[in-house]
Amino acid sequence: MSRSLRIATWNINSVRLRLPLLRELDAVLRPDVLCLQETKCPDEHFPHEGISELGFEHVSARGMKGYNGVAILSRIPFVTRDEDPNWCMKGDCRHIGVTLDAPGGPIDLHDFYVPAGGDIPDRALNVKFGHKLDFIAEATAWFASHGEARRSVLVGDLNVAPLEHDVWSHKQLLKIVSHTPIEVEALMKWQQAGNWVDALRHFVPENEKLYTWWSYRALDWEAADRGRRLDHIWVSPDLRGNLVRHQILKPARGWERTSDHVPVLVELSL
DNA sequence: ATGGTAGACACTCTA
């Protein structure tokens, strides 16, 4: 007998503005757990009522005014781990860790919103790029010091498209923040630090294009199809055999007043 | 090489 656990992640780009879209997402994906990034919402204004109406009884939010912000919405109980690091000592609401009361035993879940890093891929000229690299390095060191992850899932907007076919043109994006070699190397070191399994690439071969984000700035995002895979789901190696399916909700990019990211989901059989 | 769009918030920051 096995039970399923459906974990989704979405950079929602304002949880208050897009609360109605969560109903659409829920109808299509039916996640047990939904991790959000860029909620742009201080905790005291978090729309708890609308979210509990969707059936998510368990909510942990870490937000601030104007920027950033993460939240985990869940149909299954969890405890928030408050002892996790305050990355880069900035208190800027880019991570929540919870331990899920999952079938078959607890699962540690991490929801990350990695700094985007600005436009210039040079830490000497752009402090945001330096912050991004420092953030990833700090996360790498933290997971390395904890050894190989076990019964763990790490999701979020990691703001790096690591593989050649995670972007519409590898060659044209080599100097564009999100796909530069220094960021790709840093992200891969992080992945290796916990021996994480890239769950989306577990399902989709590396020679196939795979995107989760399309810029707002295209006249016709769908026709141009200049996407990038910025959103990720990683699972610890002991859960590799429990992966049963994934979904990239590309139609969400066509919703009215939507985010520039689309929801991504992985189902585990536990 | 440039600029295009979007959200929060109240000036211009962030993406």
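Values below: all heavy atoms of this structure, side chains included; hydrogens, waters and symmetry mates excluded. Below, read A as the first sequence line, B as the second, and so on, with proteins coming before strands; counting in each chain starts at 1.
OP1 or OP2 of B:dG7 has at least one side-chain nitrogen or oxygen of A:Arg18 nearer than 4.0 Å. The side chain of A:Lys128 contributes an N or O atom lying less than 4.0 Å from OP1 or OP2 of B:dT14. In this structure, A:Lys65 reaches the B:dA10 phosphate: one of its side-chain N or O atoms is under 4.0 Å from OP1 or OP2. Here A:Arg16 does not reach the OP1 or OP2 of B:dA8: none of its side-chain N or O atoms lies under 4.0 Å away.
One atom, CG of A:Asp231, and another, P of B:dA15, lie 15 Å apart when rounded to the nearest Å. Distance CG (A:Asn68) to C1' (B:dG7): 13 Å, rounded to an integer number of Å. One interatomic measurement links the two molecules: CD of A:Glu38 to C1' of B:dT5, which rounds to 14 Å at whole-angstrom precision. Rounded to whole angstrom, the span from the CD1 atom of A:Ile176 across to the C1' atom of B:dG3 amounts to 13 Å. The interatomic distance linking A:Phe129 (CZ) with B:dA15 (P) rounds to 13 Å, in whole Å. For the pair A:Asn13 CG and B:dC13 P, the computed distance is 18 Å after rounding to whole Å. Rounded to an integer number of Å, the gap from A:Tyr113 OH to B:dG7 C1' is 11 Å. B:dG3 atom P lies 11 Å from atom CZ of A:Arg217, rounded to whole Å.
Cation-pi geometry between A:Arg253 and A:Trp221 is met: the NZ or CZ atom falls under 6.0 Å from the ring centre, inside 45° of the normal.
Follow the hydrophobic side-chain contacts under 4.5 Å out from A:Leu268 and you never reach A:Leu73; the two are in separate clusters.
A:Phe143 has its ring centre less than 6.0 Å from the ring centre of A:His110.
Where A:His261 and A:Pro42 each meet DNA chain B at their nearest nucleotide, the meeting point lying more 5' is that of A:Pro42.
Out of B:dC9, B:dA8, B:dT14, the shortest distance to the side chain of A:Leu17 is found at B:dA8. Distances were taken from every side-chain heavy atom of A:Asn159 (C-beta onward) to each of B:dT14, B:dA15, B:dC9; the shortest belongs to B:dA15. Residue A:Tyr216 has its side chain nearest to B:dT5 when only B:dC9, B:dC13, B:dT5 are considered.
In the model, A:Ser259 has no side-chain atom that pairs as donor or acceptor with a side-chain atom of A:Asn13 under 3.5 Å.
To the nearest 0.5 Å, the span separating CZ on A:Arg62 from OG1 on A:Thr39 amounts to 11.5 Å.
Taking atom C1' in both B:dA6 and B:dA1, the straight-line distance is 23 Å, to the nearest Å. Comparing B:dG7 with B:dT2, their P atoms are spaced 27 Å from each other, to the whole Å. Taking the C1' atoms as reference points, B:dG4 lies 24 Å from B:dA10, given to the whole Å. Taking atom C1' in both B:dA15 and B:dG3, the straight-line distance is 15 Å, to the nearest Å.
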